[in-house]
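Take a look at the structure below.
Heavy atoms only: backbone and side chains are in, while hydrogens, waters and symmetry mates are out. Residue numbers start from 1 in every chain, and the chains themselves are labelled A, B, ... in the order their sequence lines are given, proteins ahead of strands.
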Number of protein chains: 2
Amino acid sequence: MTPATPLESPLPDRSKPTIRSAKEQLILDAAEKVFAELGFKGATTSEIALRAGIPKANLHYYFPTKEALYRAVTENVLTAWLAAASSFDVNDDPAEALAAYIGAKMDMARTDPLGSKIWASEIMRGAPVIEDFLHTTLATWLASREAIIQSWINKGLIVPMQPRYLIYLIWAATQHYADFDHQITALNGSAPLDDAAFTTAKTQLITTLLRGVLNVAKSDT
Amino acid sequence: MTPATPLESPLPDRSKPTIRSAKEQLILDAAEKVFAELGFKGATTSEIALRAGIPKANLHYYFPTKEALYRAVTENVLTAWLAAASSFDVNDDPAEALAAYIGAKMDMARTDPLGSKIWASEIMRGAPVIEDFLHTTLATWLASREAIIQSWINKGLIVPMQPRYLIYLIWAATQHYADFDHQITALNGSAPLDDAAFTTAKTQLITTLLRGVLNVAKSDT
DNA sequence: ACAAGAATTGACCATTTGGTCAAACTCATA
DNA sequence: TATGAGTTTGACCAAATGGTCAATTCTTGT
């Protein structure tokens, strides 16, 4: 077979990762912050370049358009989302599976609030970029988890309910700590929640939701 | 925060309401939509004027700056928020008070999703306009409701918990249906939730949360 | 009817912003 | 060291945008 030389862009994954990918990551990190703070429209390429410490023209060398850069940032957000989503499946017991998923989403809200904000912002402007994801990967994931929850309901482990509204509740409750962290900080005396407070919030959320949906035969606590 | 009486316009509230206030309302309605869809930065005065069916210069006659218009829209959002907040106090029974408040917030998410989106957008960009509200009215409201919930806990009506995280949970869960309505619509087969589905979501949310926090002595179902 | 204030609007302007470009610089390798 | 691909960057441009303004057209009280 022919060596199949690519036309324009070669495969610089291993060849020269130091220069290009390092710079790309630098830009992506700055872009994530700016997009999260200002939204797609509010973010400017000059501001992103400024925060990355490079001239704007250099940014456009790596990402030809603002939208291309935004799409790249968005990809990372979706990747992180999928990682957290997998924690739903590690256990067959509803209490443990739900606790793991809620916990993972809470940890993500704490670790990567920017990603959650970008997601929220993207949804609120009509999801022009991730629309496809919503109808494919996300819809599929939701359907399969609905089936799992439904099986728990059928087994009498979970109170009868519409599973999808439980999922929405989990998404809402967890992402709130990322998307509205400014409000939460303001209501916390202008100081962000410390680790102890956040752990309390996380534990309490899990407790409340499990109490709300688990069909207890006898609680041991 | 002061109501910010316009610089030029005197007090034409009752004297000549037909012309000015009607036009202002027309603009405010258009502005609410555009700000909700595009955020503060993304919204343009020309777009707002276009949707209001008037020339841009006419818009600037009533609202000198984009920020002044945004502030006016925001005032309405806060007013609506306070209206829903009052439903917390209509009852001494925790189950009824919480159900009323959750229901009111859900109805608001359904009736005025734009207001919720503007709130979310404003918080996510750091709340430059409503910051004062957060530290005064909202903080006070939160503190007093925390006290109420705490009294319920002391009476053994509510499970021991940090009341504020319950409030956050309610805010998150209800506003989610407004802020993320696009996502919910997408996951509903590209059709918005109909009234029946929304009622189910609302009822289920109330049921789940009450189950999660009420200290039942004996259930009657 | 008419004067005066209120309202309307097309034309215009300064600034911002996404994006371009050509010249210059770096650096590994033949 | 010469070469050429890859990288950097200041200068620049067209379009978009918030806002202004003077001229014109209503409304309304007398």
Whole-Å distance between [N] [atom2] and [X] [atom1]?
X	N	atom1	atom2	answer
L50(A)	dG18(C)	CG	P	13 Å
L26(B)	dA7(C)	CG	C1'	14 Å
K66(B)	dA16(D)	NZ	C1'	12 Å
R20(A)	dC27(C)	CZ	C1'	17 Å

Exercise for the section: Mark yes or no for whether Q150(B), through its side chain, and P163(B), through its backbone, hold a donor-acceptor pair below 3.5 Å. Expected result: no
Problem - Nucleic acid contacts of residues 34-49 of chain A, taken as heavy-atom distances under 4.0 Å to DNA chain D - result: K41(A)
Practice task
List in numerical order all residues of residues 53-61 of chain A for which some heavy atom is under 4.0 Å away from an atom belonging to DNA chain C.
Solution key: K56(A), A57(A), H60(A)
Problem - R51(A) and D29(A): CA distance, side-chain angles, deciding distance, salt bridge (charged side-chain N to carboxylate O under 4.0 Å, His left out) verdict - result: CA-CA 9 Å; R51(A) 295 227 207 160; D29(A) 288 344; over 6 Å; no
Practice task
Cation-pi check, R125(A) to F40(A): give yes when NZ or CZ is under 6.0 Å from the six-membered ring centre and within 45° of the ring axis, no otherwise.
Solution key: yes
Practice task
Please say whether the positively charged group of R20(B), taken as NZ for Lys or CZ for Arg, lies over the ring of Y61(B), i.e. under 6.0 angstrom from the six-membered ring centre and within 45 degrees of the axis.
Solution key: yes
Handout entry: Atom pair CZ/OH of R110(A) and Y177(A) - distance to nearest 0.5 Å
Key = 11.0 Å
Exercise for the section: Report, as yes or no, whether the 6.0 Å neighbourhood of atom NZ on K66(A) holds more than 12 heavy atoms from other residues, nucleotides or ligands. Expected result: yes
Handout entry: Y62(B) side-chain N/O to dA6(C) phosphate OP1/OP2 under 4.0 Å
Key = no
Handout entry: Minimum-distance pair of heavy atoms, taken over all atoms of G126(A) and H182(B)
Key = O-NE2, 3.1 Å
Practice task
State whether R71(B) and E75(B) are salt-bridged, where the test is any N-O pair (Lys NZ or Arg NE/NH1/NH2 against Asp/Glu carboxylate O) under 4.0 Å.
Solution key: no
Practice task
Select base, sugar-phosphate, or nothing to describe what F63(B) touches, counting heavy atoms under 4.0 Å on all strands.
Solution key: nothing
